[in-house]
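What follows is one structure encoded as structure tokens, with my remarks underneath.
For clarity, every value in this text was computed on a predicted model and none was experimentally measured. Protein chains get the first letters and strands the later ones, always in sequence-line order, with residue 1 at the start of each. Basis for what follows: all heavy atoms, side chains included, without hydrogens, waters or symmetry-related copies.
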Amino acid sequence: MSTPAPLIEMRGISKSFGAVKANEAVDLSVAPGEILGLLGENGAGKTTLMNVLFGAYAPDAGEILVQGRSVAINSSADALAAGIGMVHQHFHLAPRLSVLENLLIGIPGRSGRIDRAGGLARLAEIGRQHGLTLDPDLPVSALSVGEQQRLEIVKALFRGARLLILDEPTAVLAPTEVDGLFSALRSMAAQGLGIIFISHKLNEVRALTHRCVVLRHGRVAGRVDAPASTTSSEMARLMCGHEIVPPARGPSMPGAAVLTLDGISTSHHSGMALRDVSLSVRGGEILGIAGVSGNGQRALAEVISGVRAPDAGKMTIAGKTVSRFSPSTVQALGLGRIPEDRMTTGLVTNLPLADSMVLPRIGTAAFSRNGLIKPDAIRAFAEAQIKAYDIRCPGPMTRAGALSGGNLQKALLARELAFDPKVLIVSQPTRGLDIGAARFIHEKFLDMRAKGCSIIVIGEDLEELLMLSDRIAVMYEGRIVGTLDSADASIARLGLMMTGAEGHA
Amino acid sequence: MFRLEARTSTPAWFNLALPLLAIGATLILCSGLIALAGAGVVEAYGVMFSASLGDSYAITETLVRAAPMIFTGLAVAVAFRAKFWNIGAEGQLLAGAVASCAVGAIPMPGPLAMLLMALAGAAAGAAVALIPATLRVKFRVDDVVSSLLLNSVFFYALMALIEGPWKDSFSGYPISPPIEDTANFPVLLEGTRLHLGVVAALVAAPVIWFVVARTTLGFRIRVTGENPEAARYGGINVERVLISTALLSGALAGLAGVGEVGGVHFQVMSDISPGYGYSGIVVAMLARLNPLGVVPAAIFLAAVMTGAEAMSRATGVPAFLSDVIQGTALLAMLAALLFTAYRIRRVGATK
Ligand SMILES: Nc1ncnc2c1ncn2[C@@H]1O[C@H](COP(=O)(O)OP(=O)(O)OP(=O)(O)O)[C@@H](O)[C@H]1O
Ligand SMILES: [Mg+2]
């Protein structure tokens, strides 16, 4: 597309955190009506660069121009005043307030009063223009993740943003929701807004963006002027500096059933309950669980991990019936788990990484004796795993929260795989990971499969499930509506089953 | 123009620098009050210092005062590590004092009496701490509120005891009967009040440090405090950890009361604790919840307390200054803690 005067321009931006150069001499511009893709491996500096633009970090060097004029952006208020809005990976909403109240926070009404009617009108107008409809009176806590994201976008537009930054917006969306987001973004661009879109999913980037900037180790590694006609592997090479080849999946040689669930049902405590779920996974087999999130996957993972006891039904691991559901009992039977939610249920961000890496097994002889921990053994274990999995961090005593998403995921993987689990349950294993890191995780799963481990992969990314799984079960409203051999499965067929259409087991 | 920016790591020297910074700021802020009271700031602080740390007798007096605050400081530090918000060390101390006094009044050989006093006091403190912990675990009652309110309950229960059934019939004052002479803690230095309980406090700090840093219980306490969800998923019984923490914390606070009965007062009276339980919160915060840091922090507050009395006699500045210094030190420390999460950055002066 032709490039009119840029909406914003970043020139020579550098930003370091201690020894880490997160951004180095980065130039970037966005024209009105343009959707710019920002690509790069985990830790390449995408979020940092956007945080500089949004005023959360002061750059060490460089300047920001808004419509040709150099401006100092020292806070998000400055950014908003300059017409820059940002939708962070983690939303910043007040859960108890309604949609409308969230929109009006910080907006001075006339003589200190809240302009409810005006707000409603603007909300309706934005909804009509871009298909971003929201019920103004619902509390945010009642919104789905996709709706919360919509609210964040509307919030930015509400405040008059002319440039909208979206940091990995699709990582939290179901595939069907992604389409809605994209049409809204296209409609906004058509009206002259600039958009910066960050994603690790290259097919999305190719479908949506007009131009891309690729970061590597904080520097601009390349620019792509026609993403639609550039192949994903070319982009991947720009990002990683080398080719990414899909891992080879060996022939399936399943053994005896290792994990079985028989008629498991749960109550409605939180979220969707399970209704009479039966499944079995054999040794050396990967079972994919497909489904739109919120259809009972969480309850399934919680039951298998021993966090939640079912109301009815039976679970066996390696032939032994689980009589008492607790994380430590199922773990003792050989279960490993990689949670969807790395930061909340997986790691302890404020403590050293080593502590998180031994957390589930602190009571075992490997890490403690007679109630005393073995600090040297813990450290040595963490160091060995950091090396084996190439976890990028200064050392085992680094605060876990300082690691990037990909490295956190590797750490969780390392901690489970080190103990040769008989069954591994993982949720959304590569969410937010770059393709190189995702590839690494996939390879590890396939290695474990070859060693005879049973793996359950819960996910929404059907391509990933098809690539990894031997069989795929589809969940809908708390039930398993069908199970397909991967050979018989296709995205279209799975997609249909995910809407509740009965499958043929 | 300056702004706060989030930090990702805190340098190790902060652990030492922050409390010192807070203490320095406190002394500067409070010098204004001294001046207002019409005394010379240098002179007043000078008297405070020499009366609390100036000679060996003063030092022993300060240590005697520090001992209960080491125990309550440890109690609070352990509890706060697990995010069990025990504001009830005061009540737990009183319970420990009453229990140990009751045991100490029974005639028996001295060493046995001291041992049983310690056990009884620790058990009583633990039992009291169990109340807010159970309320929280079973009924989700806010532990700040319940542990705080229990302090008043136990204070007035103590008053009722020593005004009524437990009143010392010989003296006629509202104090309990004294413990047996043989149960009095031995004095370690002739001519001072430095008693065995002070040594116990100084030994308790490294022991508790060891418990927090090197035992599986300590590991579970730390993990539960930082992220209870990850702890639960990791197979830690979070409720049990909270209860264990409460028992440990309450026992430590109870021991503070034991030391006061066995080593200082030899009986129980209404003012057996001038708020040592609350001071424990200040101590723990100044120590940044590090059990080893509790010792110097408690000695600092003890020095302020002993020093303030002498200063008051010498310069006429009211001894309440000691309370002001404590409160200010807590606030200054809380403010200083901001710097562990943020740093100040200068940003371009251009507009
Ligand atoms: N606040 C911070 N303090 C210290 N280092 C940081 C901070 N924020 C980011 N970093 C480091 O800067 C580098 C760039 O991080 P950034 O979050 O910008 O990467 P990213 O490209 O957004 O990665 P991802 O795809 O995983 O989101 C990383 O090495 C990261 O560890
Ligand atoms: Mg990022």
Portion of B:Arg220 that has a non-hydrogen atom of chain A nearer than 4.5 angstrom: side chain
Assess whether atom [atom1] of [X] is packed by more than 12 heavy atoms of other residues, nucleotides or ligands within 6.0 Å.
X	atom1	result
A:Lys374	NZ	yes
B:Leu149	CG	yes
B:Lys83	NZ	yes

Chain B interface, residue from A:Ile362, A:Leu351, A:Thr329 that has the most non-hydrogen pairs under 4.5 Å: A:Ile362
Donor-acceptor pair, side chain of B:Asn227 and main chain of A:Leu347, under 3.5 angstrom: yes
Option in B:Leu217, B:Val223, B:Ile236, B:Asn237 with maximal non-hydrogen atom pairs under 4.5 Å from chain A: B:Val223
Separation of A:Asp355 CG from B:Glu226 CD (nearest 0.5 Å): 10.0 Å
Under 4.5 Å between any side-chain heavy atoms of [X] and [Y], yes or no?
X	Y	answer
A:Leu359	B:Tyr233	no
B:Arg214	A:Pro375	yes
B:Phe210	A:Leu372	yes

Segment of A:Arg361 engaging chain B (4.5 angstrom heavy-atom cut-off): neither
Proximity breakdown for A:Thr345 and chain B, heavy-atom pairs closer than 4.5 Å: both
Criterion side chain to side chain contact (heavy atoms under 4.5 Å, CB included) on B:Phe219 and A:Val358, from CA distance to verdict: CA-CA 10 Å; B:Phe219 184 92; A:Val358 300; 3.9 Å; yes
